[in-house]
Amino acid sequence: MDVSDVTRRTGSGVEVDLQVSPKSSRSGIEGIDPWRKRLIIRVRAPPLDGRANKEVEEVLSEVTGCKASVSAGHTSRQKTATIPGDPDTICRRLQERL
């Protein structure tokens with residue numbers, strides 16, 4: 001699968017559909033879930049008090065070089081993140097990490 005299957009271009013950047021696995025042994029992008037069409041992100045933080053969401057934002061910001069924020073699914077493992085910036089650059093950097 002390609003990163004274009006889990007992203008949507010917006011006027012100001014990209015929205016990414018995510019499947020988050022909290023309390024993992026390591027943090028980072030794991031791949032793409034082909035059934036749910038979501039980018040899999042593993043984080044060490046537990047899903048308490050927004051800690052996992054904050055770590056998801058940190059991982060995406062580090063990978064893309066743009067400030068990412070969780071925009072939907074704050075209490076779910078299935079989330080949407082918004083990343084402002086050049087869509088082509090963001091998608092290329094995400095694809096390089098797969």
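In what follows, residues are counted from 1 in the order of the sequence shown. These numbers come from a predicted model, not from an experiment.
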Calculate, to the nearest 0.5 Å, the distance between atoms [atom1] and [atom2] belonging to [X] and [Y] respectively.
X	Y	atom1	atom2	value
N53	R51	CG	CZ	12.0 Å
K79	E57	NZ	CD	9.5 Å
I83	K67	CD1	NZ	11.5 Å
I29	R93	CD1	CZ	12.5 Å
Q78	D33	CD	CG	8.5 Å

Is it possible for you to say whether I40 and V63 belong to one hydrophobic cluster, with membership spreading through side-chain heavy-atom contacts below 4.5 Å?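 No, I40 and V63 fall in different hydrophobic clusters.
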Least distance between heavy atoms, [X] atom then [Y] atom:
X	Y	answer
A81	L60	CB-CD1, 3.6 Å
L39	G31	CD1-O, 3.5 Å
P47	A52	CA-CB, 4.1 Å
R9	C91	NH2-SG, 4.5 Å

Partners of D49 by salt bridge (charged side-chain N to carboxylate O under 4.0 Å, His left out), sequence neighbours excluded?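 With neighbours one apart ignored, the set is empty.
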For residues [X] and [Y], determine if any side-chain heavy atom of one lies less than 4.5 Å from a side-chain heavy atom of the other.
X	Y	result
T80	R8	yes
V20	V70	no
T10	T82	no
R44	K23	no
P22	R77	yes

The single option from L94, D2, D17, L98 passing side chain to side chain contact (heavy atoms under 4.5 Å, CB included) against I32: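 Considering L94, D2, D17, L98, a side chain to side chain contact (heavy atoms under 4.5 Å, CB included) with I32 is found only for L98.
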Distance-only, no hydrogens or angles: does the [X] side chain make a donor-acceptor pair with backbone N or O of [Y] under 3.5 Å?
X	Y	result
Q19	R38	no
T7	V16	no
E55	A45	yes

